[in-house]
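Structure, as structure tokens:
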Protein chains: 2
Amino acid sequence: MKSRISPVAASELITRAFQQNGVRPTPQRYFVLEHLLCHPEHATADELWASINKRHAKASRATVYNTLNALVGAGLVKEFALDGKAARYDANLEAHHHFVCDVCNTVEDVEWFDIPLPAAHDVRSLEVVFRGVCAKCK
Amino acid sequence: MKSRISPVAASELITRAFQQNGVRPTPQRYFVLEHLLCHPEHATADELWASINKRHAKASRATVYNTLNALVGAGLVKEFALDGKAARYDANLEAHHHFVCDVCNTVEDVEWFDIPLPAAHDVRSLEVVFRGVCAKCK
DNA sequence: GTATTTGCAAATCATTTGCATAAAC
DNA sequence: GTTTATGCAAATGATTTGCAAATAC
């Protein structure tokens, strides 16, 4: 869940994930996915852009967005959009819910539990978002 | 729930709601709330703007947003933001969940049911969004 | 060598803001 | 008469797009 993978451990994972999902490996894509795997804080596109340009290669904002769309399309990353604010991205593929702090806007994963599905609809996916005040902001 | 109130029935409701919540009545505010009460389709700000300018008075887009913020602040309307798209607004104040059609993006209300709260967090509100294909798009 | 990706700058979309005018109390 | 809301146009923030140059197969 909060699996903060080390960059070394991530390396092989990423290479394999790209191969298995037909995603052409580029440095930009590598570093985007690496960051998401190693930092469970649900980064925004802009945070990813800043992080990559600080440490590694250069990547334009447009490329970060392209990359994220490619990774989401390949099923390697999930997008989590909240209320007009910038979308957040998550490489945690295990099913889980979310908790959003009303004060600092950080997002935490919440362990999955089943909820009843409305019989009247053809439900393919669902999302549960809890809101409140996180431990740090109390 | 899908209470499609008639404009006549809405009139008194709106007047009273404004008085009780300290919202200054203006034609623009009146028509925004009336539309939301009479049309349960979770309109966007832009749809509200178009609807009002077609039928009644004129209202600038900025005023529609101001109005919506005022109504949300007064607790008369709820905002429902989905995935980067324009926010949708809802005058249905009864607790309920949502179903979003992946094809046509329409939003339907789903009858409320309780779900367990994660004990580790101080939860103040929650939102459940089901996604799938609506009856029309099947 | 062909297809795809990158980077840049400009474009787009949803929403907010500043400020003068108009309407509500 | 004072306060608050409206309308316009410009500003902002997030994201997308078009196109030439670079990179992956």
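Values in this document were obtained by computation on a predicted structure and should not be read as measured data. Each chain gets a letter, A, B and so on, in the order its sequence line appears, and its residues count up from 1.
B:W49 has its CH2 atom 13 Å from the C1' atom of D:dC8, to the nearest Å. Between the CG atom of B:L68 and the P atom of C:dA14 there is a distance of 14 Å, given to the nearest Å. C:dA23 atom C1' lies 11 Å from atom CZ of B:R29, rounded to whole Å. One can place NZ of B:K58 at 15 Å from P of C:dT21, the figure rounded to the nearest angstrom.
Evaluation of the ring pair (Phe, Tyr, Trp, His ring centres under 6.0 Å) rule for A:F99 yields B:H121 as partners, not counting sequence neighbours. Partners of A:I115 by side-chain contact (heavy atoms from CB on, under 4.5 Å), not counting sequence neighbours, listed by chain and number: A:F113, A:L126, A:V128, B:F113, B:I115, B:V128, B:F130. A:D102 meets the side-chain contact (heavy atoms from CB on, under 4.5 Å) test with A:R131; sequence neighbours excluded.
Residues B:V110 and B:W112 are not in side-chain contact: their nearest non-hydrogen atoms beyond the backbone lie 4.5 Å or more apart.
For the pair B:N92 (side chain) and B:E94 (backbone), a donor-acceptor distance under 3.5 Å is present. Looking at A:D122, its side chain never comes within 3.5 Å of a backbone N or O of B:A135 through a donor-acceptor pair.
At the phosphate of C:dA23, neither OP1 nor OP2 sits under 4.0 Å from any side-chain N or O atom of B:Q28. At the phosphate of D:dA5, neither OP1 nor OP2 sits under 4.0 Å from any side-chain N or O atom of B:T63.
Residues B:N53 and B:K58 come closest through the heavy atom pair OD1-CA, 3.2 Å.
Residue A:A59 is classed as a sugar-phosphate contact, given heavy-atom separations below 4.0 Å to backbone atoms only. Among the heavy atoms of the strands lying under 4.0 Å from B:T26 are primed sugar atoms or P, OP1, OP2 only; no base atom is included.
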Mind listing the side-chain donor-acceptor pairs of residues 64-81 of chain B below 3.5 Å, one per line with the distance, residues two or more places apart or on another chain?
residue: B:T67; atom: OG1; partner: B:T63; partner atom: O; Å: 2.8
residue: B:N69; atom: ND2; partner: B:Y65; partner atom: O; Å: 3.4

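Taking five base pairs at each end of the helix from C:dG1-D:dC25 to C:dC25-D:dG1 and finding the rotation axis that steps the C1' atoms of four pairs onto the next four gives two axes whose angle is 30°, to the nearest 10°.
Under a 4.5 Å side-chain heavy-atom cut-off, the cluster of Ile, Leu, Val, Met, Phe, Trp and Tyr residues that includes A:L93 has no other member. Clustering of Ile, Leu, Val, Met, Phe, Trp and Tyr side chains at separations under 4.5 Å places A:V133 together with A:V103.
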Contact letters for nucleotides 14-19 of chain D, in which S counts primed atoms plus P, OP1 and OP2 and B counts the base, heavy atoms under 4.0 Å: SBBB--
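Contacts between residues 16-25 of chain A and DNA chain D, defined by a heavy-atom separation under 4.0 Å, are made by A:R24, A:P25.
Counting only residues at least two apart or in different chains, side-chain hydrogen bond (donor to acceptor under 3.5 Å, both in side chains) contacts with residues 41-52 of chain B comprise B:R4-B:E41, B:H35-B:S51, B:H42-B:D90, B:H42-B:D109, B:D46-B:R61.
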